[in-house]
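Heads up, the thing below is written out as structure tokens.
Within every chain, numbering begins at 1; the chains are lettered A, B, ... in the order of the sequence lines, protein sequences first and strands thereafter. Because the structure is a prediction, the values reported are computed rather than measured.
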There are 2 protein chains.
Amino acid sequence: MSVSLALAAQHAPIAGLSPALWSQPAAPELQLAGTVLRSEADRALYVEGDEARCFYKVVSGVVRTCRYLSDGRRQIDGFYQPGDVFGIEAGPAHCLTAESVTDCTVIAYCRRSLETMMRDDNRLSQWFFSHAMTCMARVREHSLLWRHGRAAQKVAAFLLEMAERGESDPAVDLPMGRQDIADYLGLTVETVCRTLSHMAKEGMITLPSSRRVVLQDRATLRELNS
Amino acid sequence: MSVSLALAAQHAPIAGLSPALWSQPAAPELQLAGTVLRSEADRALYVEGDEARCFYKVVSGVVRTCRYLSDGRRQIDGFYQPGDVFGIEAGPAHCLTAESVTDCTVIAYCRRSLETMMRDDNRLSQWFFSHAMTCMARVREHSLLWRHGRAAQKVAAFLLEMAERGESDPAVDLPMGRQDIADYLGLTVETVCRTLSHMAKEGMITLPSSRRVVLQDRATLRELNS
DNA sequence: CGAATACTTGATGAGACTCAAGCGCCGTGG
DNA sequence: CCACGGCGCTTGAGTCTCATCAAGTATTCG
């Protein structure tokens with residue numbers, strides 16, 4: 001089966017990318033052979049250490065990349081939503097585990113095919129470099145935030161990040177549970193809960209249900225960070 | 001003045017890179033016009049928001065990239081030592097401030113020249129993509145480590161990272177002060193001091209002087225990160 | 001309807017931050 | 001040469017945040 005890899009729709013983890021500006025190559029047209037895969041919630045798509053033969057694009061549902069520590073704790077690196085691409089590696093192996101958060105559909109692309117196409121098409125190479133630089137800026141951004149942030153800052157940043165997906169809609173549906181959020185932010189479930197409750201009490205958000213958050217005051221949420 | 005940009009010597013922040021493996025292009029030969037700049041300690045090389053006309057390679061001394069928050073706090077993103085390249089941006093502007101930690105010499109390269117060369121040379125584009133992916137993996141590694149880490153873990157990781165530079169030499173000279181280390185790890189100076197003192201008391205390290213650390217027991221330091 | 005699971009809230013303690021004081025090194029000036 | 005001051009580093013005491021342990025509530029699914 002051949003499925004078009006719509007490059008223009010690629011995203012960094014969670015939030016939409018601003019257009020790549022480095023040497024401004026337009027997103028090239030690209031036809032890559034892809035295989036559609038479906039998965040139930042909470043299944044591993046690949047495991048840390050697996051040979052990185054494929055990379056993936058999310059069609060529907062949500063995927064997380066994570067790592068399990070020897071003491072059983074879990075660290076979540078990022079969430080991927082429809083349109084996002086994950087699993088492109090620098091080395092020969094996947095350096096994180098990828099798991100479905102919800103039932104989901106992904107397309108698996110052959111890494112080797114992309115490598116071949118990049119060898120023949122300089123614009124494609126440039127575009128991917130540009131894309132990688134943009135992703136890196138975003139990862140660095142996260143790194144700074146997580147390294148220095150208090151719990152309220154982290155949660156606020158997370159909510160704003162999730163909200164970016166839904167345009168200007170103040171209501172955000174969280175596809176993942178509290179444990180996922182906690183492992184992503186480096187907090188405990190309890191702290192995430194308390195922080196959300198506190199924000200609700202302060203009027204920054206409302207919580208119609210546990211998986212649904214309405215951002216009432218983005219300005220205040222943003223202020224928590226910078 | 002024309003100075004060769006030795007690509008093979010490029011590093012990610014602080015630690016040496018393993019060779020880039022993605023599609024294994026050899027580091028291409030590259031001649032780029034570069035301007036040698038000298039700076040005293042604690043001077044800004046560029047400021048967040050400046051147009052990103054140049055990127056830089058450290059010849060001697062140490063450079064830090066950082067961000068200042070509205071409340072005056074400072075977050076350090078990374079330290080760059082001789083051979084390291086910094087200031088390559090995805091967008092039109094520098095998204096962090098770069099400052100000299102010590103007296104230092106850097107070479108400034110014209111971004112536009114590199115873009116032109118990449119347009120003509122696909123191998124160069126591929127190499128930079130591969131390099132960017134490798135850097136990103138490293139940044140993500142940091143991000144995961146520090147999101148969840150306790151103070152002792154962070155300090156241990158920092159020391160090991162600095163030690164990687166000096167081969168297997170157990171003595172490490174820290175080019176930066178305690179405040180820099182604290183702002184890098186997201187801790188306070190006091191906590192950094194206390195943690196180092198504690199590690200010394202436990203026999204993991206010795207502190208011949210405040211800027212010099214001897215790693216006596218790397219295994220234990222590594223264990224802290226699990 | 002009942003059980004399992006996810007979520008929320010409370011009490012307590014460990015670890016890191018803040019404020020404050022003391023130490024040590026180094027450069028300057030008498 | 002030493003006295004002085006400044007700055008960076010270290011150590012101490014109290015406070016605050018967040019993790020832990022524990023209990024209780026809500027939701028989902030059989």
Determine, for A:Glu51 against A:Arg111, whether the closest basic-nitrogen to carboxylate-oxygen distance falls under 4.0 angstrom. no

Do B:Arg165 and B:Asp173 sit within salt-bridge range, that is, some charged N less than 4.0 Å from a carboxylate O? no

Does CZ in A:Arg67 sit with more than 12 non-hydrogen atoms of other residues, nucleotides or ligands closer than 6.0 Å? yes

Separation of B:Leu159 CG from B:Thr195 OG1 (nearest 0.5 Å): 10.0 Å

Which nucleotides of nucleotides 11-20 of chain D have their base under 4.0 Å from a protein heavy atom (B), which only their sugar-phosphate (S), and which neither (-), written as one string 5' to 3'? BBB----SSB

Answer with yes or no after comparing the ring centroid distance for A:Trp146 and A:Phe158 against a 6.0 Å cut-off, counting only values under it. no

Earliest and latest nucleotide of DNA chain C, 5' to 3', sitting under 4.0 Å from a non-hydrogen atom of chain A? C:dC7 to C:dC17

Is the closest side-chain heavy-atom distance between A:Leu160 and A:Leu215 below 4.5 Å? yes

Could you give the side-chain donor-acceptor pairs of residues 95-105 of chain A under 3.5 Å, partners two or more places apart or in another chain?
unit_1: A:Thr97; atom_1: OG1; unit_2: A:Glu48; atom_2: N; d: 3.0
unit_1: A:Glu99; atom_1: OE1; unit_2: A:Arg64; atom_2: NE; d: 2.8
unit_1: A:Glu99; atom_1: OE1; unit_2: A:Arg64; atom_2: NH2; d: 3.0
unit_1: A:Glu99; atom_1: OE1; unit_2: A:Tyr68; atom_2: OH; d: 3.3
unit_1: A:Glu99; atom_1: OE2; unit_2: A:Tyr68; atom_2: OH; d: 2.8
unit_1: A:Ser100; atom_1: OG; unit_2: A:Ser39; atom_2: OG; d: 3.3
unit_1: A:Ser100; atom_1: OG; unit_2: A:Glu40; atom_2: O; d: 2.5
unit_1: A:Ser100; atom_1: OG; unit_2: A:Asp42; atom_2: N; d: 3.1
unit_1: A:Ser100; atom_1: OG; unit_2: A:Arg43; atom_2: N; d: 2.9
unit_1: A:Ser100; atom_1: OG; unit_2: A:Arg43; atom_2: O; d: 3.3
unit_1: A:Thr102; atom_1: OG1; unit_2: A:Val62; atom_2: N; d: 3.1
unit_1: A:Asp103; atom_1: OD1; unit_2: A:Ala41; atom_2: N; d: 2.8
unit_1: A:Thr105; atom_1: OG1; unit_2: A:Arg38; atom_2: NH1; d: 3.0
unit_1: A:Thr105; atom_1: OG1; unit_2: A:Ser60; atom_2: OG; d: 3.2

